Amino acid sequence: MDSTATASLASLWDEVSGTQPDPDLWVVLATLAAALAVVIPHGLWRISRNAITIAHEGGHGLVALLTGRTLTGIRLHSDTSGLTVSRGKPHGIGMILTAAAGYTAPPLLGLGGAALLGAGRITLLLWLATALLLIMLVMIRNAYGALTMIVTGGLFVLVSWLAGPQVQAAFAYVVVWFLLLGGVRPAFELQAKRARGGAGDSDADQLSRLTHVPAGLWFFLFHAVSLCSLIGGGRWLLGL
C-alpha cells in the first residue's frame, strides 16, 4: 500500500513538474487578442478587473506574511476595490514592502507565469495558481470576496483536472497575458483619479507618508514594473 501510494505521488509530481509542448504561435496570438479584448473595452474591464484585484490584494497579503506581519483578512468589493488588513509596526521596511506589493503584484505574477510557460511548465503554472487561490480564500472576510474566489478558483480546478492539454495551454496563456496587460492599466487609472482630486489615501500616498518620497515617484515605480514585466513576459510568451 505504501509503495503504491509513493509511486502514485511520484507519478503525480512528475506530471505536475514535467514540461509540456509549446502551443502553436497562432494560439499564443489568439490568447493575446483574447486578453486585450477584456482589458481595453471599459465595460468588460469593469468585470475582468476583479481578477487583477485578487492579484493586487494577494500581493499585499503575501508580502505582509513574508515580512513578519500578521495578516488578519482580505476583502474584495463589487466595485473592484479591495482591502488587505495586517497587524504589525505601522512603519518600517515591512510596512513599506507590503504597501508597494499591491500594484506590482499582477505584472510580476504575469512575468513569473510567462517564465514558467516559456519553460514549458503549463501544468505547474495551473497548479501553483490554484494553490495560491485556495490559500487566499481562507483569508477572505466578506461574502462577495468569497464568491469571487470560489468562482475563480473553481475555474482553475476544472481546467487543471478536466481539460485537455490544448485547452490548458490556451487557458494558461490567456491568464498570463491578462496579468501582464491588466497589470499596466490600474496605476494609470489611479493616477488619473488622483489628478481629479480623488483617491487621497492610495497605495502611492501611503508609501509617500511612510518613506517621505513623493507619490509621483512611486507611480513611476508602478509603471516601470508593469511595463518592463509586459515587455519581458511578452518576449517569453512569443518565444523571442
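Computed from a predicted structure; not experimentally measured.
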Quick one: pull up CG in Asp203 and OG1 in Thr104 and give me the separation to the nearest 0.5 Å.
-> 9.0 Å

Does OH belonging to Tyr144 count more than 12 external heavy atoms closer than 6.0 Å?
-> yes

Verify, without hydrogens or angle tests, whether Asp79 (side chain) and Ser81 (backbone) share a donor-acceptor contact under 3.5 angstrom.
-> yes

Write down the atom of Ile52, the atom of Pro186, and the distance for their closest heavy-atom approach.
-> CG2-CG, 3.9 Å

Check: Ser86 side chain, Ala64 main-chain N or O, donor-acceptor pair, under 3.5 Å | no

Has the side chain of Ser208 got a donor or acceptor atom that lies under 3.5 Å from a matching backbone atom of Ala204?
-> no

Could you state the interatomic distance from OG1 (Thr84) to CD (Glu57), rounded to the nearest 0.5 Å?
-> 3.5 Å

Derivation of the side chain to side chain contact (heavy atoms under 4.5 Å, CB included) call for Met95 and Arg69 | CA-CA 8 Å; Met95 187 63 195; Arg69 299 180 63 81; 3.6 Å; yes

Please round to the nearest 0.5 Å and tell me the distance separating atom CG of Leu32 and atom CG of Leu181.
-> 6.0 Å

How far apart are the C-alpha atoms of Val38 and Ile47, what are their side-chain angles, what is the distance that settles it, and do they pass the side chain to side chain contact (heavy atoms under 4.5 Å, CB included) test?
-> CA-CA 8 Å; Val38 296; Ile47 299 172; over 6 Å; no

If Ile, Leu, Val, Met, Phe, Trp and Tyr residues are connected whenever their side-chain heavy atoms lie under 4.5 Å apart, and connections chain through other members, are Leu155 and Val167 in the same group?
-> no

Shortest non-hydrogen separation from Ala55 to Pro106 and the atoms involved | CB-CG, 3.8 Å

Hey, can you tell me if His56 and His60 have their rings parallel, tilted or perpendicular (30° and 60° cut-offs)?
-> perpendicular

CZ of Arg141: more than 12 outside heavy atoms within 6.0 angstrom?
-> yes

Only one of Ile122, Val176, Leu125 clears side-chain contact (heavy atoms from CB on, under 4.5 Å) with Leu116; which?
-> Leu125

Can you tell me how far CG of Leu29 sits from CH2 of Trp26, rounded to the nearest 0.5 angstrom?
-> 10.5 Å

Transitively linked via ILVMFWY side-chain contacts under 4.5 Å: Leu179 with Leu132?
-> no

Please confirm whether Tyr103 and Phe219 have ring centers closer than 6.0 angstrom.
-> no

Separation between CD1 of Ile140 and CD1 of Ile54, rounded to the nearest 0.5 Å | 7.5 Å

Residues 188-199 side chain polar contacts: donor-acceptor under 3.5 Å, at least two apart:
| residue | atom | partner | partner atom | Å |
| --- | --- | --- | --- | --- |
| Glu189 | OE1 | Trp45 | NE1 | 3.4 |
| Glu189 | OE1 | Arg49 | NE | 3.1 |
| Glu189 | OE2 | Trp45 | NE1 | 2.8 |
| Glu189 | OE2 | Arg185 | NE | 2.9 |
| Gln191 | OE1 | His223 | NE2 | 2.7 |
| Arg194 | NE | Asp205 | OD1 | 3.4 |
| Arg194 | NE | Asp205 | OD2 | 2.9 |
| Arg194 | NH2 | Asp205 | OD1 | 2.8 |

Do Leu230 and Leu221 share a hydrophobic cluster (ILVMFWY, side-chain heavy atoms under 4.5 Å, transitive)?
-> no

side-chain contact (heavy atoms from CB on, under 4.5 Å) with Leu128: which of Leu126, Leu124, Thr130?
-> Leu124

Rounded distance (nearest 0.5 Å) linking atom CG of Leu210 with atom CH2 of Trp218 = 8.5 Å

Stepwise, does the side chain to side chain contact (heavy atoms under 4.5 Å, CB included) test hold for Asn50 with Leu76?
-> CA-CA 8 Å; Asn50 282 283; Leu76 305 173; over 6 Å; no

What are the two closest heavy atoms between Asn142 and Ile74, and how far apart are they?
-> OD1-O, 4.2 Å

Check whether any side-chain heavy atom of Ser229 sits under 4.5 Å from a side-chain heavy atom of Leu108, and report yes or no.
-> yes

Thr31 side-chain N/O to Val28 backbone N/O, donor-acceptor pair under 3.5 Å | yes

In sequence, state the C-alpha distance, the side-chain angles, and the governing distance for Leu133 and Phe156, and then conclude on side chain to side chain contact (heavy atoms under 4.5 Å, CB included).
-> CA-CA 9 Å; Leu133 288 168; Phe156 273 84; 3.5 Å; yes

Can you see which heavy atom on Val159 is nearest to which on Gln168, and at what distance?
-> O-NE2, 3.1 Å

Are Val184 and Ile40 connected in the hydrophobic side-chain network, where two residues link if heavy atoms are under 4.5 Å apart?
-> yes

Please report the closest heavy-atom contact between Ala35 and Val174, naming both atoms and the distance.
-> CB-O, 4.2 Å

Check: residues 233-240 side-chain donor-acceptor pairs under 3.5 Å, at least two apart:
none

If you take all heavy atoms of Thr53 and Thr80, which pair is closest and at what distance?
-> OG1-O, 2.6 Å

Cluster overlap Leu147 with Val157, hydrophobic side-chain contacts below 4.5 Å | no

Output all residues satisfying salt bridge (Lys or Arg N to Asp or Glu O under 4.0 Å) with Arg209, sequence neighbours left out; order by chain, then residue number.
-> Asp201

